[in-house]
Amino acid sequence: DVKVTQSSRYLVKRTGEKVFLECVQDMDHENMFWYRQDPGLGLRLIYFSYDVKMKEKGDIPEGYSVSREKKERFSLILESASTNQTSMYLCASSLRARGSGELFFGEGSRLTVL
Amino acid sequence: GDSVTQMEGPVTLSEEAFLTINCTYTATGYPSLFWYVQYPGEGLQLLLKATKADDKGSNKGFEATYRKETTSFHLEKGSVQVSDSAVYFCALSTISSGSARQLTFGSGTQLTVLP
């Protein structure tokens, strides 16, 4: 079975802390994505990566950075967490473009910034 | 840019009722269309998809038809169950940098089915 694993289901951090959210997929997918999910706003794309060491900004990249040193791992970094980054973060992966674009999601990481 | 407009919720139905969740889209070219479902406490999972006009996607009793003329992809089910209670997201895929296809999502519709 396809599997996307997010390292932490729930995190509580303080304003100004550095936060790492880790995501690993075991499907040898080229593409990986980070979304945030907020009530009434659906899912908004933060960053995505279509290859190792490659990254592209999504719709809301401000306040975030990413790292993809290995094909299977895609990390989201909050350099200095703020309360407006309290949200559910979803990682996803997909095959390269020849497919329909179907995404496979992890279970999510719920981050609370106090 | 590309966008998805989804029927606002929440929607509350009785068991065995008919369900329709409306979804319309704006896109250049010919995107693939998807419905994803998120059960409580879980990530999103693909419910069904359609990759070209007039295609019908179906799964678990749910159906949606890709209507290019009305730019719609409405989700339907003839008889809902309590276990269908979840958040439903309509989405379309577009080509991005490096030929990565990314998904643009609607805002989600919360469905609650009462016994």
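In what follows, chains carry the letters A, B, and so on, assigned in the order in which the sequence lines appear, proteins first and then strands, with residues in each chain numbered from 1. Owing to the predicted nature of the structure, the values given are computational and were not obtained by experimental measurement. Side chains included, hydrogens not; waters and symmetry mates left out as well; all remaining heavy atoms used.
Checked against side chain to side chain donor-acceptor pair (under 3.5 Å), A:Arg110 has no partners two or more places apart in sequence or in another chain.
Taking hydrophobic clusters as Ile, Leu, Val, Met, Phe, Trp and Tyr residues chained together by side-chain heavy-atom distances below 4.5 Å, A:Val113 does not share a cluster with A:Phe20. Neither A:Tyr47 nor A:Val52 shares a network with the other; the hydrophobic side chains, linked directly or stepwise wherever heavy atoms of I, L, V, M, F, W or Y lie under 4.5 Å apart, form separate groups for each. Transitive grouping of hydrophobic side chains (ILVMFWY, heavy atoms separated by less than 4.5 Å) brings B:Leu47 and B:Leu13 into a common cluster.
Contacts between B:Leu46 and chain A at a heavy-atom distance below 4.5 Å involve the side chain alone, from C-beta outward. Using a 4.5 Å cut-off between heavy atoms, A:Glu30 does not touch chain B at all. Only the side chain of A:Arg9 has a heavy atom closer than 4.5 Å to any heavy atom of chain B. Residue A:Leu90 touches chain B through its side chain alone, counting heavy-atom pairs closer than 4.5 Å. Heavy atoms closer than 4.5 Å to chain A are found in the side chain of B:Gln38, but not in its backbone.
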query = Which is it for A:Tyr35 and B:Leu44 under the side chain to side chain contact (heavy atoms under 4.5 Å, CB included) test, yes or no, and what are the steps along the way?
reply = CA-CA 11 Å; A:Tyr35 288 85; B:Leu44 277 71; over 6 Å; no

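The environment of CD in B:Glu8 is sparse: at most 12 heavy-atom neighbours from other residues, nucleotides or ligands sit within 6.0 Å. Counted within 6.0 Å of CD on B:Glu69, heavy atoms from surrounding residues, nucleotides or ligands total more than 12; the atom is thus considered enclosed.
The two residues A:Gly40 and B:Ser107 come nearest to each other via the heavy atoms O-CB, 3.6 Å.
Taken from CG in A:Leu43 to OH in B:Tyr36, the straight-line distance is 10.0 Å, to the nearest 0.5 Å.
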